[in-house]
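Since this is a predicted model, take the numbers as computed values, not measurements. When a residue number appears, it is its place in the shown sequence, counting from 1.
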Amino acid sequence: MILLSSYSPASPVNSFRKDSKVVSMKDKRDYVARCCELSEVLRADFFMPFASQIILYRQDSKWANPYRVSTDDLRENWTAKATTLCMPYSTIDLDQPFTGTLRKIKITAMRR
């Protein structure tokens with residue numbers, strides 16, 4: 001089974017402010033932990049992140065970029081031992097055993 005999931009505190013969860021400071025209800029580790037929990041409960045063979053890798057450019061959305069869960073965050077906090085953590089945008093040949101790993105990638109800004 002391949003679990004595809006969007007996961008990120010770059011959402012309304014971190015849009016609350018008090019005295020001009022962010023009031024955070026969850027952090028990046030909480031989102032990684034949830035993905036690990038889902039992977040274990042569903043007995044996923046692979047976890048492939050998607051959607052959370054985007055970089056926001058609109059003025060009303062840029063605030064969320066620092067809250068993205070990066071591939072480093074995933075790698076450092078991944079605990080689902082039976083689930084292979086795949087790199088975003090991986091290709092999996094379902095006729096062959098998966099041998100890839102989550103390697104470090106650099107996400108760069110797109111130019112318009």
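- With V69 as the fixed residue, the side chain to side chain contact (heavy atoms under 4.5 Å, CB included) test singles out one of L74, D27, D30: L74.
- Under a 4.0 Å N-O distance rule, the pair D19/K21 does not qualify as a salt bridge.
- Taking CD1 from I2 and OG1 from T84, the interatomic distance works out to 10.5 Å, rounded to the nearest 0.5 Å.
- With hydrogens and angles disregarded, a donor-acceptor distance shorter than 3.5 Å links the side chain of K28 to the backbone of R68.
- In this structure, M48 is not a member of the same hydrophobic cluster as V41, with clusters built from ILVMFWY side-chain heavy atoms closer than 4.5 Å.
- Considering all non-hydrogen atoms of both residues, D73 and V32 come closest at O-CG2, 4.0 Å.
- Sequence neighbours left out, the pairs with a member in residues 35-50 that pass side-chain hydrogen bond (donor to acceptor under 3.5 Å, both in side chains) are R34-E37.
- We find the SG-CG distance between C35 and L85 to be 9.5 Å, quoted to the nearest 0.5 Å.
- Proximity of a side-chain donor or acceptor of T83 to a complementary backbone N or O of F47 within less than 3.5 Å is not detected.
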